[in-house]
Trainee: 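Pasting a structure below so you can have a look.
Residue numbers run from 1 in the order of the sequence given.
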Amino acid sequence: MARYELKLPKMGESVAEATITSWVKEVGETIDIDDTVVEVATDKVDSEVPSEVEGTLVEILFEKDAVVQVGETIAIIETEGEEGATVDAPKKEEVKPETVAAVEKTVEVAKETVATTIDTSSSDRFYSPLVKSIAQTEGISVEELETIKGTGKEGRVTKNDILSYLENRGSQPTVAAPASTEKKSVPQSAPAPTPVSLSGQDEIIEMSRMGKLISKHMVDSIQTSAHVQSFIEIDVTNIVNWRNKVKNAYQQREGEKLTFTPIFMQAVASTIKKHPMINISVDGDKIIKRGNVNLGMAAALPDGNLIVPVIKNADMLNLVGMTKQVNDLAGRARANKLKPDEIQGGTYTVTNVGSFGSITGTPIINQPQVAILALGAIVKKPAVIETSEGDFIGIRHKMIVSHSYDHRVVNGALGGMFIKTLKEILESWDVNQDF
């Protein structure tokens, strides 16, 4: 019998590790090609790891909740073949020279990143680059790092170990630093959280893994960006009337349900093309102007959390293409079927707070982007209608949009002009156009 090593596959750009959430197959079970063996979770999305061979699962190398690095062997599958042989994964396509060059460049960047982390060469313990990077960022010395209890293989300190330590760092005993005549600044410990009083009627609910990640991401964004909001009211009566007129024929011809979301997303993509300096990121004291318009679309999950799938090159899609993308990503988001790459690379985000009845909201910027748009609920309002024969009062469909942007790099003029242009695009919608 031959042995096949099932490795943790690459989970997407910048994802270096994953947490094992559950083993779908148990030792002794028969496995077919493409059968899901294990479910894993990253800080981006949950995924399934399928088998590339058929055989019998004979060994599981990591328990549930273990953190595994990409490329590590996580299980052994016994297959038909010569005894003692090792089965290779199916042959991949020949690697192109430009791909090799890109990988070499990535390695060089990684080396530079590692060079900026703390030096643990004097320690007998192994620390992953991620753990050392976190320690460097949080001002944890090698001596303090040595005191952290590790739950990983052979007592290694995992990402969860160091993050858990940081949460309770204020209550940890201080580790004496080596004597030195050189005066150094000591990083201040975060204040201990205020204790919460409990009564007999209270219920303690553990935050989900995704909930914890979202919480940290939101706090980090507030601490990074100077949030400012601009608001504008848009008359979407023409769009409402047009959609009501064509939605049945649209679904019959295209096989897709026409909602307001793809209409608004297409308008946002067109607005970004007119104001490209909203499609940027900040890297230290440098501004990165993005070459692609990749729209993030906040989608609600059944458990109440949000996930942001990304519509790549949204400015190149017509309404039919945008509708197919929106419906596909929203459906698979609710079913937890998104791939890691489908929630990465966004350059601007849109969230629909109106789906919950809110007339507006002030969303937090999705880092490393610099702006996010909130679409409010569409409501009927009495409004003044200007005509060549005079003004009169009529019932119109109105929507308030809120634009949150990073005031470090986006001033009020750009932030306000962006939604003014969006208003002009939406209010000029032709009710007689085809689809």
Side-chain angles (χ1 to χ4, degrees), residues 8 10-11 13-20 40-44 61-63 65-74 103-193 207 209 212-213 215-217 219-224 282-286 367-368:
L8 182 66
K10 182 175 173 59
M11 310 297 292
E13 182 184 356
S14 79
V15 177
E17 64 182 21
T19 301
I20 293 177
V40 298
T42 71
D43 59 352
K44 304 289 185 182
L61 302 181
F62 290 91
E63 297 298 324
D65 296 328
V67 178
V68 185
Q69 302 297 311
V70 169
E72 278 193 280
T73 301
I74 56 178
V103 171
E104 290 176 347
K105 183 177 179 181
T106 302
V107 171
E108 290 302 316
V109 172
K111 288 179 179 178
E112 294 176 7
T113 302
V114 172
T116 64
T117 60
I118 62 176
D119 182 10
T120 58
S121 58
S122 59
S123 172
D124 293 331
R125 299 174 77 183
F126 170 81
Y127 297 101
S128 69
L130 177 61
V131 168
K132 291 194 287 185
S133 176
I134 294 173
Q136 176 76 20
T137 302
E138 299 295 337
I140 297 177
S141 65
V142 177
E143 291 78 11
E144 189 176 356
L145 196 59
E146 292 281 276
T147 66
I148 299 176
K149 182 180 179 181
T151 61
K153 187 177 181 181
E154 299 177 352
R156 292 180 182 177
V157 176
T158 67
K159 181 183 74 170
N160 289 340
D161 293 333
I162 193 169
L163 292 180
S164 177
Y165 173 80
L166 287 169
E167 289 179 3
N168 304 289
R169 194 181 184 191
S171 59
Q172 300 291 331
T174 303
V175 179
S180 173
T181 57
E182 184 180 349
K183 186 176 181 181
K184 297 182 180 179
S185 60
V186 180
Q188 297 291 324
S189 297
M207 288 179 67
R209 181 189 62 84
K212 292 176 183 178
L213 292 170
S215 174
K216 185 177 185 304
H217 190 57
V219 172
D220 289 346
S221 181
I222 289 292
Q223 293 176 342
T224 299
V282 180
D283 182 16
D285 57 358
K286 296 181 176 62
Q367 299 295 328

Trainee: Quick one: pull up CD in Glu138 and CG in Leu163 and give me the separation to the nearest 0.5 Å.
Mentor: 8.5 Å
Trainee: Return yes if some donor-acceptor pair links the side-chain N/O of Asp161 with the main-chain N/O of Thr158 below 3.5 Å, else return no.
Mentor: yes
Trainee: Quick one: NZ on Lys286 to CG on Asp283, what's the gap to the nearest 0.5 Å?
Mentor: 7.0 Å
Trainee: Taking atom OG1 of Thr147 and atom CD1 of Ile140, what is their separation to the nearest 0.5 Å?
Mentor: 8.5 Å
Trainee: Do the side-chain N and O atoms of Thr224 and Gln367 include a donor-acceptor pair separated by under 3.5 angstrom?
Mentor: no
Trainee: Report the residue from Ile20, Val67, Val68 that forms a side-chain contact (heavy atoms from CB on, under 4.5 Å) with Val40.
Mentor: Ile20
Trainee: Just verifying a value: how many Å separate Gln69 CD and Glu17 CD, rounded to the nearest 0.5 Å?
Mentor: 5.0 Å
Trainee: Supply the atom-to-atom distance Leu8 CG to Phe62 CZ, rounded to the nearest 0.5 angstrom.
Mentor: 9.0 Å
Trainee: Which pair of heavy atoms, one from Ala135 and one from Leu145, lies closest together, and at what distance?
Mentor: CB-CD1, 4.3 Å
Trainee: Can you tell me how far apart CD1 (Ile162) and CD1 (Ile134) are? Round to the nearest 0.5 Å.
Mentor: 5.5 Å
Trainee: Let's go through Val219 and Gln223 carefully: what are the C-alpha distance in whole Å and the side-chain angles of both, what is the deciding distance for side chain to side chain contact (heavy atoms under 4.5 Å, CB included) to 0.1 Å, and is it a yes or a no?
Mentor: CA-CA 6 Å; Val219 172; Gln223 293 176 342; 3.7 Å; yes
Trainee: To check you understand the geometry: which heavy-atom pair defines the closest contact between Glu144 and Gly139, and what is its length?
Mentor: OE1-O, 4.4 Å
